[in-house]
Amino acid sequence: MTEYTPSEIEARWQAAWDKEGVFTAVRDETKPKYYVLEMFPYPSGRIHMGHVRNYTMGDVIARYKISTGHNVLHPMGWDAFGMPAENAAMAIGGHPKTWTYDNIADMRGQMKPLGLSIDWSREFATCDPEYYGQQQALFLDFLVAGLIHRKNASVNWDPEDMTVLANEQVIDGKGWRSGAEVEKRDLTQWFFKISDYADELNAALKGLDNWPAKVRLMQENWIGESRGLQFAFSTTANAPKDHDRIEVYTTRPDTLNGASFVGISPDHPLAKALEADNADLAAFCAECRKGGTTAAEVETAEKIGFNTGITVRHPFDTDHHLPVYIANFILMDYGTGAIFGCPAHDVRDFEFATKYELPIISTFLPTEDADPKVTEAYVPMKTEKVFYNGGFAGKQWQTGEQAIAAAIDFCEAKGIGQGVTKYRLRDWGLSRQRYWGCPIPVVHCDDCGVVPEKKENLPIELPFDVTFDIPGNPLDRHPTWRNTACPSCGKAALRETDTMDTFVDSSWYFARFTSPQADTPTVKEDAEYWMNVDQYIGGIEHAILHLLYSRFFARAMQITGHLPEVAIEPFKALFTQGMVTHEIYETKDERGRPVYHLPEDVTDGKLKDGTEVQITPSTKMSKSKKNVVDPLGIIANYGADTARWFVLSDSPPERDIEWTASGAEAAYKHLNRVHNISTRIAEMDKDAKGTGDDDLLRAMHKAIHDVTVGVESFGFNAAIAKLYGFTAVMQKTKAGYAAQHKAIKVLAQLMAPMTPHLAEDIWATQGGTGLATTAPWPKADEEMLVDDSVTLPIQINGKRRGEITVPADMPKDAVEKLALATQAVQKALVGGTPKKVIVVPGRIVNVVV
RNA sequence: GCCCAAGUGGCGGAAUGGUAGACGCGGUGGAUUCAAAAUCCACUUCUGUAACAGGAGUGCCGGUUCGAGUCCGGCCUUGGGUACCA
């Protein structure tokens, strides 16, 4: 009996696939194409279990599609720009470029042994000038098409290091290196006009039938379409010049009678105008600018306000004046940056009104006789009918939705305001004040202003001679790189030193894979043939930003002629896998800042030198937290097939898994078992007859059916459970050679997407034609799937009390008769008659007594 | 804070509204062996029983249904996202 030696088998078959070029994708109009893509990795340096899980899933799909006759495109690349490379340069010296390309080489070396069906000839990294140069070309085309503009936006500013910080670099409101209190600061930045497409991006979600409903819902909420009223309060005499009106937007115009104050953002033009000659007010605005820019930070900060002393007239009653407050919870970039507060029906306004002793006026009540004095904000669902006591529009009893519509109609008729649809989605700021990214291809000229670079000058390459010893963007302090000639007038000018958000890089790489070496961003024929991505697979953490940005980019690329109309929604089907999580091990350095440790350096909660680590419960594996596990050990010890089988078998793909080391051994044992069965069959007498051929073949057809369903529905763990079952049948069977030989070949094929090397080995041992990889997928015989008889449970009042075995095609009334005659039912009936009998054919019998 | 998920044996998990716990891990017992490893077989939710029988049970509280892990309402806990982590 030959032994199962994965290292030998795997190397041999990988060489065979390479030699045949089975994974090299070539356009072939005679075959249906299938584009399967896993979200490409950030080259952190080592692959981790999350990668193995992600790529193995994609590989199962890709290999299954190859065997069902598709022309498969399955590429791989590197999301190679980003902060960790700069952080590494700062922490350990070296250059981001060397660090990144070394990491890519390491990770490619770690991925190749997995035997993935990847077309490596299409590989690229986003930090290749050949890639980001094309991205700069896209930028210029988008600029011409009016898809990009410049405006102010606030960033996290570290006043000690004099640098912009990423949200991740702000810890408890302080800069991660300096420890200084972070503040918000306005910068002029480049933006993609994604908000112009809010309506369309929202509407098109409905067509994404093969996306998870939760992702569509998250995107819908993120885009945040709302219908409301926009109108202006007129200010009374004491307002500064040019501020005789304050525009507000409200989604609850039905509560206008409950307005007790007007709130404006600290960044509102009126607030800025007042700051000039009111020191207290300016101090308050400065206070509001403390802290970071994240929504979570802004929303959870204590709600504070400042009475400007200005008042406005209520639109319905101009003698009724409302105070104007500056409030820290009002965002300038949503709506108009100003609101009216209705404390009776908004939790936040209630809190604010209580704090500043403002009136709380109910406009609707749960019942007609309810006390209008409220002790907490009354916020029923908009679909709930309530009693409007101070109603000015619509019926007294109506739902919030009806009242809002009536209020808008009323205000429009009176000329007070207009009903408008607004979106929460903001424009996408793409400027980053960092080195390791795609340079924004524009030039600042004293005479011509901001001038786009000429396309023939692309790529604008990053200079290599930079240092990271001082915080901030090295491009800013580079002695020569900035100096250039104005593309318009030719005079000396300065390059833009901001680089692009790395989300830009990942917003079109899927399109680039269709013609990765082209000297234009895409090539028409290739894009038309390969787009869209038929199956996209990646982490749920990308549900909103990456996927929304990519949807926007596909539209922008279509407008600028880089993608066909059909690619407007680039991902036909999406599967979001769960994350691989792990505990975090943390110690503190001498300044009290956190230092993270790899799991391999921690034993029993201690470092090698005996220092105790603080353990934080499992979260997403991340390079910065160092809670990553190395799959290479498993591959080295048991082979790639074991690693692949194991990551697929243990958990449903969409769920997070906490990595534990046990279980890999079991996977290995199982593959050994299958190998041994194959060897045993190969050594059988070819004319051997046996018993139970039909049972074996029925089990085989069931396995074909179940595994096919499992693979097509991402039920990989369920498919593997069925394969365990079928293997157990094969282990015990006494069937003849012909049936067993047929069954083992089918087993090899069914396992091939998951354990391709072992499958090829068995296929060859059993004398299969060609490669198992390209052999046509087996088909289940429908007739072999139906059993002659079924066992039905009998319930009495919903509780299982017995069972009967009946022919599968027995009519309902006959089944009922048999069920009623059983001892269990007779005992429960005690001579009486049942109230009701439910017979679900093939399923269950329930007797109600 | 807000948006989206998840919660089932000792553990990972299975279950088109229809027998809760498939399959795997771990555990217990057995076969094989001089012995062990490996392999194979059986049992393994809790409670209860000599064995049956019976009872309880899918985070918590309530509801819909002949029937709920699954659907609805309200909570709790954990995870993801929250626009400069990728």
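Naming: A, B, ... by sequence-line order, numbering from 1 per chain.
Aromatic ring centroids of A/F40 and A/W78 lie 6.0 Å or more apart. Ring centroids of A/Y668 and A/F646 are separated by 6.0 Å or more, keeping the two rings apart. If you look at A/F575 and A/Y536, their ring centroids are not closer than 6.0 Å. Less than 6.0 angstrom separates the ring centroid of A/Y132 from the ring centroid of A/F81. Between A/Y197 and A/W428, the gap from one ring centroid to the other reaches at least 6.0 Å.
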note = Under the rule of Watson-Crick or G-U wobble with both distances under 3.5 Å, where | means paired to another strand and [ ] a crossing pair, RNA chain B maps to (((((((..(((.....[....)))((((((.......))))))(((......)))..(((((..]....))))))))))))....
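Taking only distance into account, the side chain of A/R424 never meets the base of B/U82 through a donor-acceptor pair shorter than 3.5 Å. The base of B/C40 lies outside donor-acceptor range of the side chain of A/Q731, with no N or O pair under 3.5 Å. With hydrogens and angles ignored, no donor-acceptor pair closer than 3.5 Å exists between the side chain of A/E220 and the base of B/C3.
A donor-acceptor pair shorter than 3.5 Å can be found between the side chains of A/R551 and A/Q219. In summary, the side chains of A/Q135 and A/D505 do present a donor paired with an acceptor at a separation below 3.5 Å, with no hydrogens or angles considered. Residues A/S649 and A/N717 have side chains that never bring a donor and an acceptor to within less than 3.5 angstrom of each other.
As judged by a 4.0 angstrom heavy-atom cut-off over every strand, A/K732 is placed among residues touching the sugar-phosphate backbone only. Among the protein residues, A/L217 comes within range of the sugar-phosphate backbone only, with heavy atoms under 4.0 Å from sugar or phosphate atoms but none that close to a base. Across all strands, A/K669 comes closer than 4.0 Å only to sugar-phosphate atoms, never to a base (heavy-atom distances). Among the atoms of the strands shown, only primed sugar atoms or phosphate atoms (P, OP1, OP2) are found under 4.0 Å from some heavy atom of A/T502. Using a 4.0 Å heavy-atom distance criterion, A/R673 is classed as a sugar-phosphate-only contact. A/Q189 comes within 4.0 angstrom of a nucleotide base, judged by non-hydrogen atoms across all strands. When heavy atoms are screened at a 4.0 angstrom cut-off, A/W428 is found touching no nucleic acid atom at all. At a threshold of 4.0 angstrom between heavy atoms, the contacts of A/S431 include nucleobase atoms, whether or not backbone atoms are also involved. Among the heavy atoms of the strands lying under 4.0 Å from A/V155 is at least one base atom, whether or not backbone atoms are also near. Within 4.0 Å of A/V164, counting heavy atoms only, lies at least one base atom of the nucleic acid. Contact annotation for A/L792: no contact, since no heavy-atom pair falls under 4.0 Å across all strands. Using a 4.0 Å heavy-atom criterion, one finds that A/F503 contacts the bases of the nucleic acid, with or without backbone contacts as well. Residue-level contact check: A/G224 touches neither bases nor backbone, having no heavy atom under 4.0 Å from any strand.
Scored by the side chain to side chain contact (heavy atoms under 4.5 Å, CB included) test, A/L331 finds A/V298, A/D333 as partners (sequence neighbours excluded). When the side chain to side chain contact (heavy atoms under 4.5 Å, CB included) test is applied to A/R673, the partners found at least two apart in sequence or on another chain are A/K669, A/H670, A/Q731.
The same atom, C1', is picked in B/C23 and in B/U44; the two are 15 Å apart, to the nearest Å. Here, B/C40 and B/G21 have their P atoms 25 Å apart, quoted to the whole Å. Annotation: B/G27 and B/A38 have their P atoms spaced 11 Å apart (nearest Å). Taking atom C1' in both B/G67 and B/U19, the straight-line distance is 12 Å, to the nearest Å. Nucleotides B/G17 and B/G54 have their C1' atoms positioned 27 Å apart, rounded to a whole Å. Atom C1' of B/G13 sits at a distance of 14 Å from the matching atom of B/U45, rounded to the whole Å. Straight-line distance between the P atoms of B/U65 and B/G1: roughly 36 Å, to the nearest whole Å.
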ask   = Step by step, would you call A/T294 with A/N167 a side-chain hydrogen bond (donor to acceptor under 3.5 Å, both in side chains)?
value = CA-CA 7 Å; A/T294 66; A/N167 286 334; 5.5 Å; no
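Between A/N167 and B/A83 there is a side-chain polar atom (N or O) within less than 4.0 angstrom of OP1 or OP2. Taking only side-chain nitrogens and oxygens, A/S651 never comes nearer than 4.0 Å to OP1 or OP2 of B/G12. Put simply, A/K214 has no side-chain N or O that comes within less than 4.0 Å of OP1 or OP2 on B/A5. Considering only side-chain N and O atoms, A/R426 lies nowhere under 4.0 angstrom from the phosphate OP1 or OP2 of B/A83.
Between the CZ atom of A/R53 and the P atom of B/G12 there is a distance of 14 Å, given to the nearest Å. Put simply, CZ on A/R801 is 17 Å from P on B/C52, counting in whole angstrom units. Rounding to whole angstrom units, CD of residue A/E299 and P of B/G81 are separated by 18 Å. Computed from coordinates, the A/M83 CE to B/C84 P distance equals 11 Å when rounded to whole Å. Atom OH in A/Y638 sits roughly 13 Å away from atom P in B/C25 (whole-Å rounding). As a whole-Å value, the separation of A/N156 CG from B/U82 C1' is 14 Å. Atom NE2 in A/H546 sits roughly 14 Å away from atom P in B/G81 (whole-Å rounding). A/F81 places its CZ atom 16 Å from the C1' atom of B/C84, with the value rounded to the nearest Å.
Each of B/A86, B/G24, B/U82 was ranked by its minimum atom distance to the side chain of A/A666; first place goes to B/G24.
If you find the closest nucleotide of RNA chain B to A/G429 and to A/A213, the one lying nearer the 5' end belongs to A/A213.
The backbone N or O of A/I304 lies less than 3.5 Å from a partner atom in the side chain of A/N328, making a donor-acceptor pair.
For the contact set between residues 706-726 of chain A and RNA chain B, defined by any heavy atom under 4.0 Å, the members are A/N717, A/A721, A/Y724.
Ion pair A/R432/A/D501 flagged as a salt bridge, since at least one NZ, NE, NH1 or NH2 atom sits closer than 4.0 Å to an Asp/Glu carboxylate oxygen.
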Please tabulate the protein-to-nucleotide N/O contacts below 3.5 Å involving nucleotides 67-70 of chain B, giving atom names and distances.
none

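For the pair A/R150 and A/W190, the cation-pi criterion (under 6.0 Å, within 45° of the ring axis) is fulfilled.
B/G24: glycosidic angle beyond 90° from 0, hence anti.
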What donor-acceptor contacts under 3.5 angstrom involve side-chain atoms of residues 834-849 of chain A, with partners at least two apart or in another chain?
unit_1	atom_1	unit_2	atom_2	d
A/N846	OD1	A/G798	N	3.1

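With respect to A/K151, the side chain to side chain donor-acceptor pair (under 3.5 Å) criterion is satisfied by exactly one of A/D427, A/T188, A/D186: A/D427.
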